[in-house]
Engineer: 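Just passing along the structure, written as structure tokens.
Start at 1 and go down the list; that is how both ligands and their atoms are numbered. The first residue in the sequence is number 1, and the count goes up from there.
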Amino acid sequence: MSTVRTVDDLRSALAPARRARQTIGLVPTMGALHEGHLSLIRRARAECDVVVVSLFVNPAQFDERTDLDRYPRSERRDVDLATRAGADVMFAPSADEVYPPGFATAVEVLGVTDRLEGAARGSGHFRGVSTVVTKLLGMSMPDVAYFGQKDAQQVVVIRRLVADLNLALRIQVCPTVREPDGLAMSSRNARLSPEERARALALADALQAACGRAGEGERSAGALVDAARAALSARGVEPEYVELVDPETFEPCEGLAREALLVLAVRIGETRLIDNAILRPSAVGTPRQPDPRKAIV
Ligand code: PAF
């Protein structure tokens, strides 16, 4: 695998593949790679001729300076892991390469960015994500870009911008990868103390509790959210939000008339964690919800 740091070098590295009409897959990351990222790289490897992994801790999507400063950075390890997962090119630009002096453009998706993560992390968060993803797509011009379902609202925002800007690529969303005990993989998990790590299981418990109630036939959003809240509070965790939302728009759902997404965010110590699970309406007494803790690739 080669590591390139400039847009010119990235384009030169991809030119032979483009000339040969080979397919290019892009896995955008902020580094600190874990099994979740590696599952995206492996999927890209299986589906595309050339796999590019971008590694850029995007300052524009952090509203809190301390969060940006504390974001884990481990390029050598990331290069090693990405190589072993099958990446061909690592694109690791500097902040000046992505945002050169005079840079003055922002990409903003309206509506879906107002709520939940948009509200909790500040208006700049999704603007920063949309801007950098649009730039990464323009720089690498992939046929497919790979994202994880754990960041479900981000996925909706990116799908929207790709459709609205008529970008010619496919967005592939891959399932959340979990630790054996159900905690969703996240670069932020490394910041948890052993006591916080144990409490973080509250997220998977909460999703499981809501899935369990849906499996018993419960359809009221209030009751499903209450089940999730009770599981969080059993481990002493206060949510920032717990909501049942439409998976396409992120608007709140009153009930489980059709497939919906239970989304939640919590703060454990200094660390903010998010997770989500798809709930499907079930007939009473026929539990057939997927166990979110078993969604392990
Ligand atoms: O999900 C992430 O890691 C980031 O938001 C992304 C998509 C790489 C943009 O910086």
Side-chain angles (χ1 to χ4, degrees), residues 7 10 25-41 43-44 51-64 67-75 77-78 81-82 85 87 89-95 97-99 103 105-109 112-113 116-118 120-140 142 144-162 165 167 169-177 184-191 250 263 265 271-276:
V7 179
L10 176 65
L26 172 69
V27 182
T29 82
M30 296 206 298
L33 301 187
H34 51 65
E35 268 305 314
H37 299 111
L38 301 183
S39 75
L40 304 181
I41 299 172
R43 177 80 179 255
V51 177
V52 182
V53 175
S54 66
L55 191 171
F56 179 60
V57 183
N58 175 31
Q61 70 188 76
F62 288 83
D63 280 340
E64 291 174 27
D67 200 22
L68 172 63
D69 292 343
R70 293 180 66 218
Y71 204 84
R73 288 165 173 83
S74 51
E75 185 178 316
R77 181 180 164 275
D78 292 343
L81 289 172
V89 180
M90 171 74 88
F91 176 48
S94 67
E97 182 69 10
V98 178
Y99 302 114
F103 181 83
T105 300
V107 178
E108 185 151 16
V109 174
V112 65
T113 53
L116 302 172
E117 286 305 286
R121 301 188 61 175
S123 58
H125 171 65
F126 280 126
R127 193 185 316 124
V129 171
S130 303
T131 303
V132 83
V133 169
T134 306
K135 283 188 65 92
L136 291 169
L137 297 178
M139 290 163 173
S140 57
V144 192
Y146 295 83
F147 296 90
Q149 170 64 22
K150 187 175 81 66
D151 295 306
Q153 194 171 0
Q154 169 171 284
V155 164
V156 171
V157 170
I158 290 167
R159 281 195 192 284
R160 188 73 265 156
L161 83 81
V162 165
L165 299 179
L167 303 183
L169 78 149
R170 175 165 71 83
I171 298 297
Q172 178 63 53
V173 181
C174 300
T176 301
V177 179
M185 300 257 179
S186 162
S187 308
R188 291 166 196 266
N189 293 352
R191 296 187 196 163
F250 264 67
V263 291
T271 308
R272 193 166 178 280
L273 299 174
I274 59 173
D275 205 347
N276 66 81

Engineer: Give the C-alpha distance, both sets of side-chain angles, the deciding distance and a yes or no for side chain to side chain contact (heavy atoms under 4.5 Å, CB included) between Met30 and Ser187.
Structural biologist: CA-CA 9 Å; Met30 296 206 298; Ser187 308; over 6 Å; no
Engineer: Report the nearest protein non-hydrogen atom to atom 7 (C) of ligand 1: residue, atom name, distance rounded to 0.1 Å.
Structural biologist: Gln154 NE2, 3.5 Å
Engineer: So Lys135 and Val7, side chain to side chain contact (heavy atoms under 4.5 Å, CB included) or not? Walk me through it.
Structural biologist: CA-CA 10 Å; Lys135 283 188 65 92; Val7 179; over 6 Å; no
Engineer: Below 4.0 angstrom from a heavy atom of Val132, which ligand 1 atoms are there? Numbered from 1 as shown, please.
Structural biologist: 9 (C), 10 (O)
Engineer: Give the contacting part of Thr29 toward ligand 1: side chain, backbone, both or neither, where contact means a heavy-atom distance below 4.0 Å.
Structural biologist: backbone
Engineer: For ligand 1, which atoms, with element, lie under 4.0 Å from some heavy atom of Pro28?
Structural biologist: 8 (C)
Engineer: With a 4.5 Å heavy-atom cut-off, do Arg188 and Asp67 have their side chains touching?
Structural biologist: yes
Engineer: Under 3.5 Å, is there a donor-acceptor pair linking the side chains of Tyr99 and Asn58?
Structural biologist: yes
Engineer: Is there a side-chain contact between Tyr146 and His37 in this structure, where contact means two heavy atoms from C-beta onward sitting under 4.5 Å apart?
Structural biologist: no
Engineer: If hydrogens are left out, which of Lys150, Gln61, Met30, His125 has an atom nearest to atom 9 (C) of ligand 1, that is, the closest non-hydrogen atom?
Structural biologist: Gln61
